[in-house]
Amino acid sequence: MCRLFGMSAGGERARATFWLLDAPDSLSVQSHREPDGTGLGWFDREGRPRVSKQPLAAYDDAAFARRAQEVASTTFIAHVRFASTGSLRPENTHPFEQHGRLFAHNGVIEDLPALDAHLGEDVGAVKGDTDSERFFALITREIAARDGDIAGGVAAACTWVAAHLPVFAINFVLATAEGLWALRYPRTHALFLLRRQAGSALHHTSSLGSRVTSPHGRDRPLVVIASERMDADPGWTPLEPGELVNVTPALRVDRRRILDGPPARPLSLEDLGARARRSQAAVAPRG
């Protein structure tokens, strides 16, 4: 399956090098299992979104490694892709940018003609041919309809999708320069959150004895969201199915359930086509 990553340093600018390159289950390591694309999204000092992405695995993408070491931001989004819909080209590689927000998704939504019909003229915001970017366009429209209320727009879009479309999973992370949002729905795939206080270097010792240490996070607290527990920190906690998380600029973590029960038209692995089935096959959720 695709892998999601989001990080917030609150109002401070930080680097995500440890999580992207050095952690025992970093995005670079995960890309050996998800080889169809890698993307990194961040915000510059003026709060403008920036994206670097290629239809290449992270371990084979020199630009990803360079950006992971150089870029500082208040919030980050990263994604490694195992394609379920859409060809292998930059337009279909996550994260996507719309209206100053960044978005990455893990899962499958089917009946895209019905979604396109519901989007109407807003489908014009979609540059590629993935379910993920269409889903983001719907979220963007619903946020605009609520005068910029991100949580309200997300809840409205996800409620419509869960009620009207065949859904395998709609896990996602969404970022602005100030905040980070994440949803797990339904139980299909796990999503984890780590609240890490300042005061010590990030480090991991593998079963083979090798040690990875990073100073990033020593001087400031961080909140990390990821598809897997990326290191041995005992503070990783799973999101509940249907739970929307918002990490504020003060690093307060607000959690509320926006979806109850399964989708109206749930999909199993057996319902998916061969390509989507390969992309979504994974271990059972660990939370």
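What you see is a predicted model, and the numbers here were worked out from it, not measured in a lab.
Applying the ring pair (Phe, Tyr, Trp, His ring centres under 6.0 Å) test to Phe136 and every residue at least two apart in sequence or in another chain returns Phe103. Scanning for side chain to side chain contact (heavy atoms under 4.5 Å, CB included) contacts around Glu121 gives an empty result, with sequence neighbours left out. In terms of the side chain to side chain contact (heavy atoms under 4.5 Å, CB included) criterion, residue partners of Thr74 (sequence neighbours excluded) are, by chain and number, Arg13, Ala177. Residues that satisfy the side chain to side chain donor-acceptor pair (under 3.5 Å) test with Glu243, not counting sequence neighbours, are Arg255. Remark: Val123 engages Asp116, Leu119, Val126 in a side chain to side chain contact (heavy atoms under 4.5 Å, CB included) (not counting sequence neighbours).
Residues Pro166 and Asp271 fail the side-chain proximity criterion, which asks for heavy atoms closer than 4.5 Å. Side-chain contact check for Val223 versus Leu180: every heavy-atom pair is 4.5 Å or farther apart. Side-chain contact between Val224 and Phe192: absent, with no pair of heavy atoms (C-beta onward) separated by less than 4.5 Å. A heavy-atom distance below 4.5 Å is not found between the side chains of Arg265 and Val167. The shortest distance between side-chain heavy atoms of Pro263 and Phe168 does not fall below 4.5 Å.
What you find for Ser8 and Thr248 is that their closest heavy atoms are OG-O, 4.4 Å. Taking both residues in full, the closest heavy atoms of Ser132 and Phe96 are given as CB-CE1, 3.9 Å, listed atom of the first, atom of the second, then distance. The heavy-atom pair separating Gly41 from Pro95 by the smallest distance is N-CG, 3.8 Å. For the pair Gly10 and Leu251, the tightest heavy-atom approach, listed with the atom from each and the gap, is N-CD2, 3.3 Å. Counting all heavy atoms, side chain and backbone alike, Leu102 lies closest to Pro49 at CD2-CB, 3.9 Å. His105 and Ala169 make their closest contact through NE2-O, 3.3 Å (heavy atoms, listed as atom of the first residue, atom of the second, distance).
Within the 3.5 Å criterion, the main-chain N or O of Thr130 finds a donor-acceptor partner in the side chain of Arg134. Side-chain N or O atoms of Arg184 include one that pairs as donor or acceptor with a backbone N or O of Arg187 at under 3.5 Å. The closest donor-acceptor contact from the side chain of Thr75 to the backbone of Thr176 lies under 3.5 Å. Put simply, the side chain of Asn246 never gets that close to the backbone of Ala151: no donor and acceptor are under 3.5 Å apart. Using modelled atom types, one side-chain atom of Glu133 and one backbone atom of Gly128 make a donor-acceptor pair closer than 3.5 Å. No donor-acceptor distance shorter than 3.5 angstrom exists from the side chain of His79 to the backbone of Thr93, with no hydrogens or angles considered. Side-chain N or O atoms of Ser73 include one that pairs as donor or acceptor with a backbone N or O of Phe43 at under 3.5 Å. At least one donor-acceptor pair closer than 3.5 Å links the side chain of Tyr185 to the backbone N or O of Pro262.
Between atom CD1 of residue Ile77 and atom CE of residue Met7 there is a gap of 12.0 Å, rounded to the nearest 0.5 Å. In this structure, NE2 in His189 is found 12.0 Å from CD1 in Ile170, a value given to the nearest 0.5 Å. Between the CG atom of Leu191 and the CG atom of Asn106 there is a distance of 8.5 Å, given to the nearest 0.5 Å. Rounding to the nearest 0.5 Å gives a distance of 6.0 Å between OG1 of Thr140 and NE2 of His99. Going from atom CG of Asp260 over to atom OG1 of Thr159 covers 9.5 Å, rounded to the nearest 0.5 Å. Taking CZ of Phe76 as the reference point, atom CG of Leu40 lies at 6.5 Å (rounded to 0.5 Å).
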* **Worked check of side chain to side chain contact (heavy atoms under 4.5 Å, CB included) between Asp131 and Leu115** => CA-CA 9 Å; Asp131 55 342; Leu115 179 52; 5.7 Å; no
* To do: Kindly indicate, with the supporting measurements, whether the criterion side chain to side chain contact (heavy atoms under 4.5 Å, CB included) is fulfilled by Asn171 and Ser227.
  => CA-CA 9 Å; Asn171 288 14; Ser227 295; 6.0 Å; no
* To do: Go through the steps for Leu4 and Ile225 under the test side chain to side chain contact (heavy atoms under 4.5 Å, CB included), then give the verdict.
  => CA-CA 8 Å; Leu4 301 173; Ile225 294 169; over 6 Å; no
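Contacts classified as ring-ring contact (aromatic ring centres under 6.0 Å, His included) and involving residues 114-134 (residues at least two apart or in different chains) are given here: His118-Trp160.
The pair Arg252-Asp254 counts as a salt bridge, with a side-chain nitrogen and a carboxylate oxygen less than 4.0 angstrom apart.
With Ile139 as the partner, the side chain to side chain contact (heavy atoms under 4.5 Å, CB included) test is satisfied by one option alone out of Val161, Leu174, Ile150: Leu174.
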